[in-house]
Amino acid sequence: MAVPAAALAKAAVMALSSEKGRKKVGWVVAAVLSPVILLVAFFCSLGSGAADHNRSAVELCFYGGTVPVGAPAEYRVCIEEMRNALTQLDTVASQVGSLVEEENGLDAIRIKAVFYALYFGTADPASQDLQQFTDCFVTYEERTRTVTTETEETYTVAVPITDLVQIYENIGSVTGSEVTPEQQSNADSVYSLLRYGYTGGGSGFIGSDVPFVGADGFCSPIGEHWRTVVTSEFGSRIDPITGQRRGHTGIDLAVPTGTPIRAALPGTVTVSSYDRGGYGYYVMIDHGNGLTTLYGHCSQLMVSVGRAVEAGTVVAMSGSTGRSTGPHLHFEVRVNGDRVNPRSYLP
């Protein structure tokens, strides 16, 4: 019989809480507990800005890719089993989603984030009743519609539940086990990582923790208060380094280092690298129809070339790399290769 993940996690925490315990536990026991230890380490890292490898379990499970060479066998098993479960869960969620009539539809990312938080590290997560689990996120209603002028038919619709408290109560009822506040917090962090590429923390710049999207769908790269931190406009200006007048190809937004930088629109990352000519660490995104955006002087890049992003996905952290006099974001909008004023697009 498999040892419950909660018991393993408790044992891992107790064993690692002191130097004496760490010595007693040994590498053999640590290897047995490794899936849970890695999971605990990952969740701790969500709020603390730890190294990228602490995010790799989620990214490997949801986005695919090759498990790093040298990873423990137990870790590989956890990744493969969760991938299999998420594939099956996607199918079930798609079937339920086809019954939704509401405009926003069923949030499949939320369903998978909660499932991951509850079952990563457990034995064969796909053995859970995936239909029953997905049903916790909706209510079913019988509705009628007109078939002809003289006849009507009854059909079933799924209505997404937006109240997370209700969702967790539903899960508790069907599993017979309460979803703890820690598990709920973990699920929220995984959801934020999957939806926006960011899990919190950062610089504290007001408004940067959530996407700010205009009516046309264009997302501010730093949040709703971007107008308060414009330090250099698009067009002709006095260069802050040379003191000479020259053209400025974007708009500068003075935000503290570590502020999350979000994609303006859905698209594909075409550049994620260091530019010695001036941009420093920067990202470029192709949004289609000749429209691209650029995010320069970053301190950290959060996406790789080829990655598909949504409006609001965190693609980098702000900084002062390259040709820069202080922490800020240099933001450009290009149309068919020509730089245009970003103010015409920002919400």
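For this chain, numbers begin at 1 and follow the sequence in order.
- Taking the side chain to side chain contact (heavy atoms under 4.5 Å, CB included) definition, one finds that T180 meets it with E182, Q183, sequence neighbours left out.
- Salt bridge E81/R83: absent, no basic N to carboxylate O contact under 4.0 Å.
- Listed for the S324 side chain is no donor-acceptor partner under 3.5 Å among the backbone atoms of T321.
- Here salt bridge (Lys or Arg N to Asp or Glu O under 4.0 Å) pairs that include residues 301-312, with residues two or more places apart or in two chains, number zero.
- The existence of a salt bridge linking E152 and R145 is excluded, since no basic side-chain nitrogen approaches an acidic carboxylate oxygen closer than 4.0 Å.
- Ring-centre distance between Y282 and Y295: not below the 6.0 Å cut-off.
- A search for salt bridge (Lys or Arg N to Asp or Glu O under 4.0 Å) contacts involving E169 returns nothing, not counting sequence neighbours.
- Around CG of D163, the count of heavy atoms belonging to other residues, nucleotides or ligands within 6.0 Å exceeds 12.
- A salt bridge links R110 to D188: one of the charged nitrogens lies within less than 4.0 Å of a carboxylate oxygen.
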Please list every donor-acceptor pair under 3.5 Å in which a side-chain atom of residues 215-223 meets a protein atom from a residue at least two apart or in another chain.
residue, atom, partner, partner atom, Å
D216, OD1, F218, N, 3.1
S220, OG, I222, N, 3.3
S220, OG, G223, N, 3.1
S220, OG, G223, O, 2.6

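- Screening residues 298-317 for ring-ring contact (aromatic ring centres under 6.0 Å, His included), with sequence neighbours left out, gives no hits.
- In terms of the side chain to side chain donor-acceptor pair (under 3.5 Å) criterion, residue partners of R343 (sequence neighbours excluded) are, by chain and number, E233.
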